[in-house]
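In what follows, chains carry the letters A, B, and so on, assigned in the order in which the sequence lines appear, proteins first and then strands, with residues in each chain numbered from 1.
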2 protein chains.
Amino acid sequence: MTAEAVPARSGDTKDRILDSAEKLFADAGFDGTSLRAITSHAGANLAAVHYHFGSKEALLQAVLARRLAPINRRRIELLDRLEQDAGPGAPSMTQVIGAFLEPPLSEIRRLGPSGEQFVRLAGRAHSEPNPQVRAVFLPLFQDVVTRFVAAFRRARPEMGDGELHWKFHFLVGAMSHLLSWGGHQECAVMLNSDAPAVADPDEMLRAMVAFCTAGMSAPTPEGGRAGR
Amino acid sequence: MTAEAVPARSGDTKDRILDSAEKLFADAGFDGTSLRAITSHAGANLAAVHYHFGSKEALLQAVLARRLAPINRRRIELLDRLEQDAGPGAPSMTQVIGAFLEPPLSEIRRLGPSGEQFVRLAGRAHSEPNPQVRAVFLPLFQDVVTRFVAAFRRARPEMGDGELHWKFHFLVGAMSHLLSWGGHQECAVMLNSDAPAVADPDEMLRAMVAFCTAGMSAPTPEGGRAGR
DNA sequence: GTCTATATGCGGATAGAC
DNA sequence: GTCTATCCGCATATAGAC
């Protein structure tokens, strides 16, 4: 508050480290990003990471929790509201999927470049094999999984457990891949689609909701004898 | 040919290294797997990797090409056949998706545990940020992308370029996530589905074809003004 | 809170004996 | 073709001055 005549910027070193870690983890993954790369990108000292966070894993924890916790809180709020509004019935498949997919995508708009970075990181987190990353990420995701799996089941009670299990995989896979690579140049080149110079979050959301709603709602045929 | 009285097994050191690298890359990713871990798992010497392959990146190239090239060849053969059979028309969406998804999944059956490993690795390759991995993987995938994007366009000519672009992302994301994590214990725990103790490739294929066909075929609504 | 300097270990890669 | 021994750089983490 009161101008303290601080010799340099203070306190925000921590935030600059968080921002740089977010970007570099998103670009190169956890194993592919050194603390040296992060601190030099942030204009901070290597030792500052350990002073403020304690370890590389704890830094990741802070980076993920900062933005993922609000996103997941919002997912659950939206689902709560849908279930209240549905009264005795259950929210529709489209509504539930919208509540799952809208919060991460609207962060791209709300946060600008940092949101775009984070969303890449969040997408990547879903496919990270590193056990440290999984130990940090999965607990942040568990409640959402539990609530939404239950909501999907109620939206289509005729689905079996196995079918629901696989379909949830597809939903998460489609989302995480889009978040990781949706804005990536290389993919546009591969698809030689000159279309999305910059990816419009609203367009991505509409496309993803449509795709996943149809997929989740489609019955899986029984396997009498599936030739191949 | 003629029994040469070889002191130890010869030649198959190379294969044992390939097998071990396949498994460890699949489990821990490229950056997360050291050459020392690979050679000690393979019962080989560290220097053998450089003798037989030249570098870690070249080893990955060999591991991927060994199994991915046949899979992608088969994808294109299946698509060729579908397009011949369709005569003047175009193969249906289900058929095209089947041709895309069936080859990797049937390798699980055909190769047993090694197939299960490789399929995890192939799934993971889709989300790897490491530029060395991408430099090796993307060229192996490019032809398939080109051919199948064209086939999807012909199956639904009314789809715009942008819509097709995103939908292809969802398709690849659903597939790669399933391949990476479909057999993983942690996911079953999170979903607390006691269902798939062992994942049945046929069941996964049916579920994925149903999901993706519905998703690819569903029209994406126009965005008049998508508030949220 | 921020810095320099350093401890300590693992990474990929290579030389050269056998 | 396979081994041992080693080069050399980068990784995380910490001690201690300022």
Side-chain angles (χ1 to χ4, degrees), chain A residues 1-21 24-25 27-64 128-133 135-136, chain B residues 1-22 24-25 27-64 128-136:
Chain A
M1 289 292 191
T2 61
E4 266 285 356
V6 182
R9 74 281 147 179
S10 167
D12 64 351
T13 291
K14 196 171 173 177
D15 288 323
R16 291 205 319 284
I17 290 173
L18 282 173
D19 290 339
S20 295
L24 297 176
F25 285 154
D27 286 344
F30 184 74
D31 289 335
T33 304
S34 68
L35 293 181
R36 283 173 165 83
I38 292 169
T39 51
S40 96
H41 183 273
N45 189 280
L46 174 61
V49 170
H50 293 96
Y51 176 79
H52 286 290
F53 301 97
S55 72
K56 188 183 182 184
E57 181 174 354
L59 170 60
L60 175 71
Q61 159 74 38
V63 169
L64 282 181
E128 268 279 357
N130 182 307
Q132 290 182 295
V133 177
V136 168
Chain B
M1 290 293 190
T2 61
E4 265 284 355
V6 181
R9 75 279 146 179
S10 167
D12 64 350
T13 290
K14 195 170 172 177
D15 287 322
R16 290 204 322 282
I17 290 174
L18 282 173
D19 290 338
S20 295
E22 180 176 276
L24 297 177
F25 285 154
D27 285 344
F30 184 75
D31 289 335
T33 304
S34 69
L35 292 181
R36 284 173 167 84
I38 292 169
T39 50
S40 98
H41 183 274
N45 189 279
L46 174 60
V49 170
H50 294 96
Y51 176 79
H52 286 290
F53 301 96
S55 71
K56 188 182 182 185
E57 181 175 352
L59 170 60
L60 175 71
Q61 158 75 37
V63 169
L64 282 180
E128 268 279 357
N130 182 307
Q132 290 182 297
V133 177
R134 297 188 70 70
V136 168

- Task: Have a look at B:Thr39 and say if it touches a base, only the backbone sugar-phosphate, or nothing, with a 4.0 Å heavy-atom cut-off.
- Result: nothing
- Among C:dA13, D:dA13, D:dT2, the one nearest any side-chain atom of B:Tyr51 is D:dT2
- Message: From C-beta outward on A:Ser34, which listed nucleotide comes closest to its side chain: C:dT2, D:dT2, D:dA11?
- Response: D:dA11
- Message: Rounded to whole Å, how long is the line connecting atom CG of B:Asp15 with atom C1' of D:dG1?
- Response: 14 Å
- Query: In whole angstroms, how far is the P atom of D:dC10 from the CD1 atom of A:Ile38?
  - Reply: 17 Å
- How far apart are the C-alpha atoms of A:Phe53 and A:Ile17, what are their side-chain angles, what is the distance that settles it, and do they pass the side chain to side chain contact (heavy atoms under 4.5 Å, CB included) test? CA-CA 10 Å; A:Phe53 301 97; A:Ile17 290 173; 3.8 Å; yes
- Task: Could you check how far CZ of A:Phe53 sits from P of C:dG1, rounded to whole Å?
- Result: 12 Å
- Message: Once rounded to the nearest 0.5 Å, what's the spacing between atom OG of A:Ser55 and atom CD of A:Gln132?
- Response: 7.5 Å
- Query: Rounded to the nearest 0.5 Å, what separation is found between the OG1 atom of B:Thr33 and the CD atom of B:Glu22?
  - Reply: 12.5 Å
Can you pull every protein N or O that's under 3.5 Å from an N or O on nucleotides 4-8 of chain D?
from  : atom 1 : to      : atom 2 : distance (Å)
D:dT4 : OP2    : B:Asn45 : ND2    : 3.3

- Within this structure, what is the CG-to-P distance between B:Asp31 and D:dC10, rounded to whole angstrom? 16 Å
- Task: Grab the CZ-P distance between B:Phe30 and C:dG11 for me, whole Å please.
- Result: 13 Å
- Task: Any chance you could measure B:Leu35, atom CG, to B:Ser20, atom OG, to the nearest 0.5 Å?
- Result: 12.0 Å
- Answer yes or no: does a side-chain N or O of A:Thr13 lie under 4.0 Å from OP1 or OP2 of C:dG1? no
- In whole angstroms, how far is the P atom of C:dC10 from the NZ atom of B:Lys56? 15 Å
- Item | Whole-Å gap separating C1' (D:dT14) and CG (A:Leu35) | 13 Å
- Task: Report the residue from B:Leu59, B:Ile38, B:Thr13 that forms a side chain to side chain contact (heavy atoms under 4.5 Å, CB included) with B:Leu18.
- Result: B:Leu59
- Message: Measuring only between side-chain heavy atoms, which start at C-beta, is A:His41 closer than 4.5 Å to A:Leu24?
- Response: yes
- Could you work out which one of D:dT2, C:dT14, C:dT2 sits closest to the side chain of B:His50? C:dT14
- Message: Distance to the ring centre below 6.0 angstrom and angle to the axis at most 45 degrees; does that hold for A:Lys14 and A:Tyr51?
- Response: no
